[in-house]
Every structure is written in C-alpha cells, then in structure tokens.
Amino acid sequence: MADHRNGSTQPPNGKASAAGSAYSIDLNAFQFRLKTFYKHWDEHKTDLWASSDAIAIACPPPSEDLRYLKSTALNLWLLGFEFPETIMVFMKKQIHILCSPKKASILESVKKPAREAVAAYLTTSVMKNFVVTKLENVIDEEKKVSHSTLMEETEKVILEPSKVNCKLKADNVDICYPPIFQSGGEFDLRPSAVSNDELLHYDSASVIICAVGARYKSYCSNIARTFLIDADPLQSRAYGVLLKAHEAVIGTMKPGNKLSAAYQAAVSVVERDAPDLVSYLTKSAGTGIGIEFRESGLNLNAKNEQIIREGMVFNVSLGFQNLQSENNKSKNKQFSLLLADTVIINKDKTEIVTSTSSKALKDVAYSFNEDEEEERPSTKADAKGAEPIMSKTTLRSDNHEISKEELRRQHQAELARQKNEETARRLAGGGNEGGDNRSSVRTTAELVAYKNINDLPPPKEMMIQIDQKNEAILLPINGSMVPFHVAFIRTVSSQQDTNRNCYIRIIFNVPGTPFSSNDANSMKFPGSIYLKEASFRSKDSRHISEVVQSIKTLRRQVVARESERAERATLVTQEKLQLANNRFKPIRLSDLWIRPAFGGRGRKIPGTLEAHVNGFRYSTTRQDERVDIMFGNVKHAFFQPAENEMITLLHFHLHNHIMVGNKKTKDVQFYVEVMDMVQNVGGERDRKNKINVEFQTFVNRVNDLWGQPQFNGLDLEFDQPLRELGFPGVPHKSSVFIVPTSACLVELIETPFLVVTLSEIEIVNLERVGLGQKNFDMTIVFKDFKRDVLRIDSIPSTSLDGIKEWLDTTDIKYYESRLNLNWRQILKTITDDPQSFIEGGGWEFLNLEATDSESENSEESDKGYEPSDVEPESDSEDDASDSESLVESEDDDDDEDSEEDSEEEKGKTWEELEREASNADREKGNESDSEEDRKRRKAKSFGKSRGAGLSSSMPKRSKLR
C-alpha cells in the first residue's frame with residue numbers, strides 16, 4: 001500500500017485526518033503494518049529484539065542535512081509522515097507517544113478505529129477466559145447454577161476488565177446487553193433475549209448458548225458461541241453446517257458486494273449440505289454495529305441491497321432455531337444453535353476481531369460422560385436388581401473390554417442405519433453420477449487424414465502406400481486407393497506360408513468391439529458399415545516387412561502425440577500465481593527434492609519451495625523446472641517428519657491434475673533425505689532433528705497464512721499421520737506401512753502414493769476374516785459407485801482390532817466376510833437397480849452375523865458373488881486402457897504380434913483368454929504351493945464354476961437376511 005504524504009482535508013474511506021489539518025493517515029495501512037510490526041516482534045523477540053518488553057523509537061529534530069535514520073523510516077512506513085521531535089514507545093498492550101499538541105491532534109485519528117477492536121478484545125477475553133472456564137468447572141463438578149446467576153457474574157467481569165487480564169479503565173467499559181445464557185430446550189436467538197432462572201442443563205446431548213456484548217468508549221462488539229455436551233449425530237452435523245454457513249457469510253463480506261449476497265451465501269451452504277435444515281435457519285445473518293448495537297439499515301438479510309463499504313463493522317450472527325432432536329429427554333428434544341462474531345471490513349481482507357475465541361467443533365464439543373456410556377450395557381443387564389455402582393477400577397477390568405466391544409457393535413448398528421438412509425437418499429436423487437474413473441475414453445472423430453478427395457496423393461501403382469505427412473495408410477481395394485488414418489488401425493502383422501507367399505493383416509478399430517464400446521463414431525454414424533479387417537498378399541517379403549514396420553512406427557508416434565494432447569486437454573485451468581512482494585515475503589524451504597521428478601536428461605538437482613500470496617512455487621536453478629500449486633487446488637496437505645523413515649516430507653493431494661514436467665499427477669511431494677550415504681549415528685540424529693524442525697517451522701507459518709480470513713473457505717491445514725494407528729498392507733504391488741490421519745488414509749513413502757479421503761468412503765468390507773487366517777484384506781467402497789473399489793491386501797490379523805476401533809471412531813461403517821467379493825458386479829447390480837437395493841435393506845446383505853443366523857439363506861447368497869480372485873480388481877486399469885482405442889499405451893512390437901496371433905488363432909478376446917488362464921493356473925497350482933493351498937484354490941474354482949450358471953444379478957435381500 002502506497003504511502004500518502006500529501007493528504008486532503010476531506011479524507012476518503014480508509015483515511016483519517018485531524019480537523020483543519022492537511023495531513024491524513026491511511027488507517028488501513030496503519031492497522032496492517034502495526035500488526036505486522038507486532039507479529040515480527042513476537043516471532044523474533046529472542047533472536048532479533050533482545051527479549052525486550054518495550055521498544056522506544058525517538059525521532060530527532062528536523063535537519064537540512066541528507067540523512068537516513070531508522071526512526072524516520074519507521075515513521076514513514078507506519079504513519080506515512082515524518083514526526084520529528086517525537087518519541088514512540090511500543091508495549092505489548094499499549095502505545096505511548098510523546099509529542100507536541102499539533103502532532104497529537106493528527107495522531108488522535110488513529111485511536112478511533114481501534115475502539116471497535118478494543119471492545120472486541122474485551123468481549124473475546126470475557127468469553128474465552130471467564131465464560132468457557134466457568135462452564136467447564138460447573139459441568140465437571142456438577143454444580144447447580146442458574147442462567148441468571150451466570151449472567152450476573154459475567155456482567156461483573158465485563159465491568160471489571162482486570163478480572164480477565166484486560167488493562168482497560170473500568171470507566172470506559174460498559175455492557176451492550178445483559179449476557180445471555182440458555183440451555184434446557186428453551187432458546188431465543190434474538191439479542192433481546194434474557195437469561196431465565198432455570199438451572200444450567202448439561203446432561204448428555206445438551207446444548208448451551210452463550211452471548212456476550214461489551215462496549216468500549218461507546219463502541220460495541222458482540223460474540224456468541226454454542227457449546228455441545230455429548231452431542232448426538234444431528235447436533236454435530238447441524239453445527240458443522242452452521243459453521244460453514246457462518247464462514248461463508250464472512251467470506252462474502254467484501255467492499256462492493258451487496259448485503260443480501262452475504263445472507264444468500266449462508267442459504268446456499270445449507271441448501272447444499274443440509275437441505276432439511278433450511279427452514280430452521282435464522283432470517284438474518286446479523287446487522288451493522290458501532291455506537292449503536294444494531295444499525296437497522298445494515299441488516300444482513302435476503303432483501304437488503306445496500307452495498308458493503310470499507311470501514312464498516314458488522315455483528316455477523318447466524319443460527320438454527322428450534323431443531324428437533326431424537327433424544328428422549330424432554331429438555332433435549334428441542335435445541336437451537338447460534339454463532340456470532342464482530343467483523344471489520346477492510347480494503348484487502350475482512351478482519352474477524354473476535355476470532356481468538358475458537359468456534360471449531362473440536363473446541364466447543366465436550367464429552368464428560370464417557371465412563372457413564374461404558375457402564376450402560378452392564379446397567380441394562382442388571383436392571384431388575386439394584387442399580388450397580390461401578391468404580392473406575394471396575395471400568396479397567398475385563399468387563400470394561402466387553403462393554404467396549406458391545407458399545408462398538410451398537411455404534412456400528414446405528415452407523416448402518418444412517419448409512420443405508422444416506423445411500424438411499426443419494427441413489428434416489430441420482431447423486432451417484434460422479435466422474436467415471438474406470439475408463440477415460442477418447443474419441444477419434446477429430447482425426448481426419450484428408451479433408452477432401454483432391455488432397456489425396458496421385459496413385460502410383462496398386463500397392464499399399466504410407467503417407468507420413470498426412471498420417472494416412474492408402475490401401476488398394478477394388479481398384480481404388482482407399483485412405484485410412486493410422487489411428488484407426490488397431491494392429492498390423494505379417495506372416496509367410498509354405499509357398500513363400502507373404503501376407504499382411506490389418507485389424508481396424510471399429511465401434512461395438514470390447515475395446516471401443518464407447519466410440520463416438522457409433523453414435524455419430526449409427527447406420528454405417530465399418531471395415532474390421534483387411535489382408536493383402538505379396539511375393540515381396542522385404543516390402544511387406546517394411547510396410548508393417550512403417551505403419552507401426554507411424555502409429556506409435558501418433559498415439560504418443562494424441563495421448564499427451566488428451567492428457568493436457570483434461571487439465572483444469574488454474575488461477576495465476578500471485579508472487580509475494582515487499583509487503584509479504586514468501587515463506588521459503590530450501591534444498592528439496594520433488595516427486596514425481598522432472599523428466600529430461602542430466603543430473604537431478606534440488607530446488608526451493610516458496611509460499612506466495614495464493615499458492616506455492618517450486619523451482620530449481622533450471623528455468624524449465626518449475627511447478628506452481630494453487631492453495632485453491634490443494635485438497636489435502638500432509639507433513640510427515642522422519643522417524644523410522646529415511647525422509648522428511650511435505651505432500652500435497654490436489655483436487656485437479658497438474659503437469660510436473662511431462663507427467664500428469666494429483667499428488668506432488670517435496671522431501672529431504674535425513675541421512676547421507678556416510679553418516680555416523682549421532683550426526684544422523686542431529687541432522688534429522690534439524691530437518692524436522694525446519695519443516696515444522698515452515699508448516700506452522702503456512703498454517704498461520706491459511707488461517708487468514710481470505711482462506712477460510714478452503715479449510716486448509718497440514719495434517720500429520722498418526723503412526724500409532726498404522727498397519728502394513730499391500731494397496732498396489734508391494735507391502736507398505738499405511739497410516740491414518742484425521743481426514744485421510746495415506747501411504748506417502750513408496751510410489752504410487754496412497755491417499756484416500758475418509759469423507760468419500762461409503763463402507764469398508766474386511767474380507768477373508770476368520771479363524772486360522774494370518775492376514776486379511778480391506779476393501780474400501782466409495783460413495784461414487786462408478787469408481788473402482790480400493791483393495792488393500794495381506795493385512796496381518798494382529799491389526800484387525802485396531803483397524804475396527806479406528807473405523808468405528810471415525811464413524812465409518814464396516815462389515816466382515818470370509819471371502820473376497822466381486823465388487824464390480826455388486827456395484828453394477830446396485831446402480832442398475834437401486835430401488836431393489838434400497839428395499840432389500842441396503843448394505844445389510846454384507847452383515848455376517850445376519851447371514852450366519854440362516855445357514856440355508858446364507859448358502860444361497862454366497863452363490864450370487866464370485867471371489868475376486870477370478871477377476872482381480874487390479875485388472876481395472878488394464879480394462880480401462882483396453883477401451884482407449886486411440887491413446888492406448890504401446891508396448892514393443894512383440895506384444896502387438898502376440899496379440900495378433902492370439903486373435904487369428906483363437907478368435908477370443910483378451911478378457912476371455914485371461915479368465916481361462918487364471919482358472920487353469922488356479923486348478924493346477926504352482927509347484928511351490930502346499931497341498932493345502934492347492935485344495936483351497938480348487939475349492940474356490942469349483943465354487944466359481946458351480947455359480948456360473950446362476951443369474952449375475954444380486955440375490956434378493958430377503959434371502960440375505
């Protein structure tokens with residue numbers, strides 16, 4: 001922001017001037033730079049500021065000599081003017097200025113905008129340091145305190161700021177309204193509400209609303225928070241939606257926007273995430289606030305077309321009124337939620353001046369009755385007798401373990417009910433039409449060899465010709481040269497018979513084959529006839545070989561070019577990176593390696609990762625080695641320090657693909673090897689600790705950057721893997737150590753990386769679970785049923801209980817089965833007939849306990865599915881590539897020849913041949929296999945053949961039960 005040295009007597013928005021003075025101070029620049037100064041002081045107090053508690057800046061009298069002084073530079077940077085003969089003393093809570101009366105009149109203007117911030121500071125301190133602490137003590141010690149008593153005690157604290165360590169004069173402080181405390185099912189979200197004489201209600205599933213408003217020198221501020229006690233699922237879900245809506249309102253409040261747009265942002269969030277709660281949303285998202293607590297002309301509702309201007313202050317207050325809970329207790333059947341913050345509209349960003357009092361779900365949701373919950377199963381069992389009293393030592397006994405397992409079973413039953421309802425709603429609403437990740441079919445309609453007949457080369461002689469320039473093959477057919485674009489040729493091969501006649505065989509890509517079933521030509525020309533195959537004979541074997549080789553070479557070049565073009569065409573256009581300037585220095589981390597690595601020849605060199613205004617930039621000393629990652633494209637960010645691994649890393653999982661060199665990827669990783677080739681143990685430990693600290697510092701600073709209001713909608717924060725919950729498994733080809741995080745399941749050391757977003761998981765099926773099994777498999781089914789399931793194989797059985805506990809605590813429904821299921825067929829059956837799936841009980845056909853109870857029915861249900869060994873899920877990638885007739889990946893010539901030979905001799909598709917070979921291998925068994933393994937394989941194969949005659953559709957749900 002530019003310095004203003006020549007102001008006017010009529011200051012525009014964001015400027016302040018003393019009456020009758022020609023000097024005006026840019027208040028926005030002053031506030032921003034003052035915060036920057038204090039932030040730098042806090043972060044570098046020890047190393048750069050000599051641990052000082054106060055900083056004094058003395059500016060000498062004016063002089064005609066040319067001089068450069070730090071004090072003058074600070075005056076100009078902070079205020080825009082030089083203030084000679086002035087002493088400024090900066091303290092943690094106050095700024096003292098010693099100057100002449102004339103200068104004091106100019107500097108008086110900077111005090112005014114701080115009054116709302118000071119009032120908000122007092123309000124937040126009361127909420128954070130008194131109200132929250134008081135509530136926690138009351139609930140923890142089970143005290144009986146009325147709402148009115150809490151109101152009176154809070155009011156006294158506001159009027160005596162020293163009680164919450166606020167060094168403000170009591171004469172300058174007042175309340176905006178009597179503090180509001182509400183609980184027990186009776187809620188009023190208006191500012192005129194009063195705290196009644198009822199006792200604070202804090203049983204399980206209780207909601208407590210607290211609102212505090214304070215005034216400083218007649219300027220008002222407001223804050224409201226909702227606290228959840230042992231919240232039920234509806235309360236947690238509703239609060240999460242309210243929090244997103246509240247942040248959406250604040251994110252929309254920018255200079256030039258309409259007030260109605262802010263409220264509409266909240267409505268849009270609720271309609272998207274919880275349409276059933278729209279009717280409960282308050283009709284206003286707050287009002288303007290200042291000397292008046294409510295400025296009626298600045299109401300944040302759907303009808304107000306007033307324009308938001310810089311310097312305005314708002315009380316953003318949003319809530320859900322009178323939601324109906326499923327709780328049986330009368331005082332908890334009805335509940336409300338409320339959030340309110342004081343917000344100042346600045347030119348560059350919206351400032352939440354009450355943000356130090358957290359409103360995140362993890363900070364307002366309390367669980368005080370964990371022991372009681374664990375006791376409930378035992379209490380119900382002994383309901384006829386005397387009520388048992390369980391001590392803490394009893395809870396640590398074996399009975400505790402049994403009750404814990406019982407609680408988990410009950411929670412999973414509730415999750416099954418919720419999951420079936422959610423899936424039914426999604427299928428009924430057509431919500432399964434996500435991106436189809438199984439195949440990325442590219443049309444060949446745009447490839448044309450010749451636009452008209454005049455472009456054809458003049459015929460020479462009736463023999464096969466290759467036009468390299470137009471990428472065409474001209475074939476002699478019925479006395480005419482017929483052109484074909486080389487991309488429409490699937491395979492070409494040659495052979496020689498006993499009479500020394502040479503044959504060339506050309507197979508074309510045509511619609512309707514298993515490899516191009518979705519070809520656009522079949523839709524564009526439904527009545528056309530296509531040439532599937534052509535064979536030519538020649539006595540010149542040398543010419544035949546040259547033709548075959550030329551066609552293959554040309555085809556490979558076209559396929560490679562079109563493949564890269566298709567990859568780049570699917571990239572989403574990213575915003576442009578805004579580089580940091582002098583006002584904001586980039587956050588830098590040096591000497592990093594990147595994965596995937598840049599292509600090209602030459603020695604790989606490390607680079608530097610920088611965090612700029614709206615994204616990251618990684619670059620090396622080579623000009624062409626640069627990658628930009630926008631904050632808005634980051635879906636998940638991970639920081640994994642080196643412990644048992646050899647590297648410390650930062651990993652970004654993206655919403656949309658980007659290009660790293662010539663590679664298209666959604667995962668980008670930056671890492672440092674913590675141990676050199678030659679290193680002693682002590683040096684290795686020191687190096688590892690030093691690197692981990694450097695990465696942690698970078699992560700903390702980026703988290704602070706992401707915490708700014710402009711990034712609220714992105715919900716970004718570096719996540720760290722929880723190693724104690726990790727387990728070994730095989731998600732791809734090799735065994736790796738897989739680790740959960742708070743939002744994902746990841747493996748970030750070996751490539752290909754594994755990043756699974758927990759919110760995208762529909763259910764998890766634990767397969768091959770049974771007595772005597774040393775390991776089991778985990779199948780993850782995603783909410784997008786067109787997406788292939790993820791199989792993690794060979795997980796040790798010792799990890800089973802830990803995985804169950806983790807899945808249960810993250811509210812993921814899991815099932816167990818003794819066999820691997822054919823998930824592709826199951827998901828196809830569900831998507832083909834969702835109504836039958838819903839009516840049949842949804843996912844309960846996977847319930848092992850239910851199927852065991854009816855042995856005959858369970859036997860029939862098993863026939864409906866084939867073990868996935870028959871058709872491995874890993875084949876999905878091969879199937880997808882087979883369907884990509886235009887840009888399929890090319891192997892060497894031998895692969896093409898073998899494909900041609902197999903088609904010529906057998907006439908069967910690769911899928912059929914693979915299935916036959918797989919069955920033969922399973923029946924025969926490897927020589928190294930034990931007799932037991934061979935019997936097991938043979939039994940599986942027998943089960944497959946026995947079920948081959950059955951219908952491929954899913955069995956009726958009545959039988960599954």
Practice item. Carefully, step by step, assess Asp788 and Trp823 under the rule side-chain contact (heavy atoms from CB on, under 4.5 Å). Key: CA-CA 8 Å; Asp788 277 327; Trp823 282 101; over 6 Å; no
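- Under the 4.5 Å side-chain criterion, counting only non-hydrogen atoms from C-beta, Val269 is not in contact with Val249.
- Counting heavy atoms from C-beta outward, Glu747 and His732 have side chains that stay 4.5 Å or more apart.
- For the residue pair Ser336 and Asn322, the shortest heavy atom distance occurs at OG-N, 2.9 Å.
- At a threshold of 4.0 Å, the pair Lys813-Glu422 does not count as salt-bridged, since none of the basic side-chain nitrogens sits closer than that to a carboxylate oxygen.
- For the 3.5 Å distance criterion, the side chains of Asn703 and Glu717 fail to qualify, holding no donor opposite an acceptor.
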Exercise for review: In sequence, state the C-alpha distance, the side-chain angles, and the governing distance for Leu758 and Ile812, and then conclude on side-chain contact (heavy atoms from CB on, under 4.5 Å).
Suggested key: CA-CA 8 Å; Leu758 300 185; Ile812 295 176; 4.1 Å; yes
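- Judged by distance alone, with hydrogens and angles left aside, the side-chain atoms of Ser325 form no donor-acceptor pair with the main-chain N or O of Gln334 at under 3.5 Å.
- The shortest distance between side-chain heavy atoms of Thr252 and Tyr263 does not fall below 4.5 Å.
- Between the side chain of Asn420 and the main chain of Trp843, a donor-acceptor pair closer than 3.5 Å is present.
- Across all non-hydrogen atoms, the minimal contact from Ala245 to Val270 is CB-CG2, 4.2 Å.
- Distance alone, capped at 3.5 Å, places no donor-acceptor pair between the Gln773 side chain and the Ser797 backbone.
- Side-chain N or O atoms of Arg426 include one that pairs as donor or acceptor with a backbone N or O of Lys783 at under 3.5 Å.
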Check your understanding: Should Leu766 and Met778 be marked as a side-chain contact (heavy atoms from CB on, under 4.5 Å) after you check the CA-CA gap, both sets of side-chain angles, and the distance that decides it?
Key -> CA-CA 5 Å; Leu766 306 176; Met778 175 193 292; 4.1 Å; yes
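- Looking only at atom types and distance, the side chain of Gln418 has a donor-acceptor partner in the side chain of Glu414 under 3.5 Å away.
- Panel note: side chain Ser206, backbone Ile229; no donor-acceptor pair is recorded below 3.5 Å.
- Between atom CG of residue Asn847 and atom CD of residue Gln412 there is a gap of 10.0 Å, rounded to the nearest 0.5 Å.
- Using a 30° and 60° split on the angle between ring planes, Phe727 and Trp806 fall in the tilted class, from 30° to 60°.
- Taking all atoms of both residues into account, the shortest heavy-atom contact from Ala265 to Ala248 is CB-O, 3.9 Å.
- A donor-acceptor contact shorter than 3.5 Å links the side chain of Asp777 to the backbone of Ser794.
- To the nearest 0.5 Å, the span separating CG on Leu722 from OG on Ser742 amounts to 7.0 Å.
- Contact of the Phe753 side chain with the Lys666 side chain is not registered, since no non-hydrogen atoms from C-beta on lie closer than 4.5 Å.
- Pairing each heavy atom of Ile629 with each of Val634, the nearest pair is CG2-CG2, 3.8 Å.
- Annotation: side chain of Val699 is in contact with side chain of Leu650 (closest heavy-atom distance under 4.5 Å).
- Side-chain contact check for Leu228 versus Leu337: some heavy-atom pair is nearer than 4.5 Å.
- The 12-atom threshold is not exceeded at NZ of Lys244, counting heavy atoms of other residues, nucleotides or ligands nearer than 6.0 Å.
- The aromatic ring centres of Phe616 and Phe670 sit 6.0 Å or more apart.
- Side-chain N or O atoms of Thr757 include none that pairs as donor or acceptor with a backbone N or O of Ser759 at under 3.5 Å.
- There is no side-chain donor-acceptor pair under 3.5 Å between His655 and Asn633.
- Using cut-offs of 30° and 60° on the angle between ring planes, the pair Phe638 and His651 is tilted.
- With Asp719 contributing its side chain and His636 its backbone, the two residues share no donor-acceptor pair below 3.5 Å.
- Two residues are said to be in side-chain contact when any heavy atoms from C-beta on lie closer than 4.5 Å; Leu821 and Leu846 meet this criterion.
- Under the 4.5 Å side-chain criterion, counting only non-hydrogen atoms from C-beta, Ile250 is not in contact with Glu247.
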Check your understanding: For Leu427 and Phe785, what are the C-alpha separation, side-chain angles and deciding distance, and is it a side-chain contact (heavy atoms from CB on, under 4.5 Å)?
Key -> CA-CA 10 Å; Leu427 290 176; Phe785 290 164; 3.9 Å; yes
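- Between Arg425 and Asp276, no side-chain nitrogen of the basic residue sits less than 4.0 Å from a carboxylate oxygen of the acidic one, so the salt-bridge criterion is not met.
- Between the side chains of Glu767 and Thr779, a donor-acceptor pair is found at a separation under 3.5 Å.
- Remark: the Gln640 side chain and the Gln720 side chain contain no N/O donor-acceptor pair separated by less than 3.5 Å.
- Contact detail for Phe711 and Trp706: the closest heavy-atom pair is CB-O, 3.4 Å.
- For the residue pair Leu754 and Pro731, the shortest heavy atom distance occurs at CD2-CB, 4.1 Å.
- Cation-pi contact between Arg723 and Phe737: absent, since separation from the ring centre below 6.0 Å together with deviation from the ring axis within 45° is not met.
- Using modelled atom types, no side-chain atom of Arg595 and backbone atom of Asp667 make a donor-acceptor pair closer than 3.5 Å.
- In terms of modelled atom types and a separation under 3.5 Å, the side chain of Thr226 and the main chain of Leu338 share a donor-acceptor contact.
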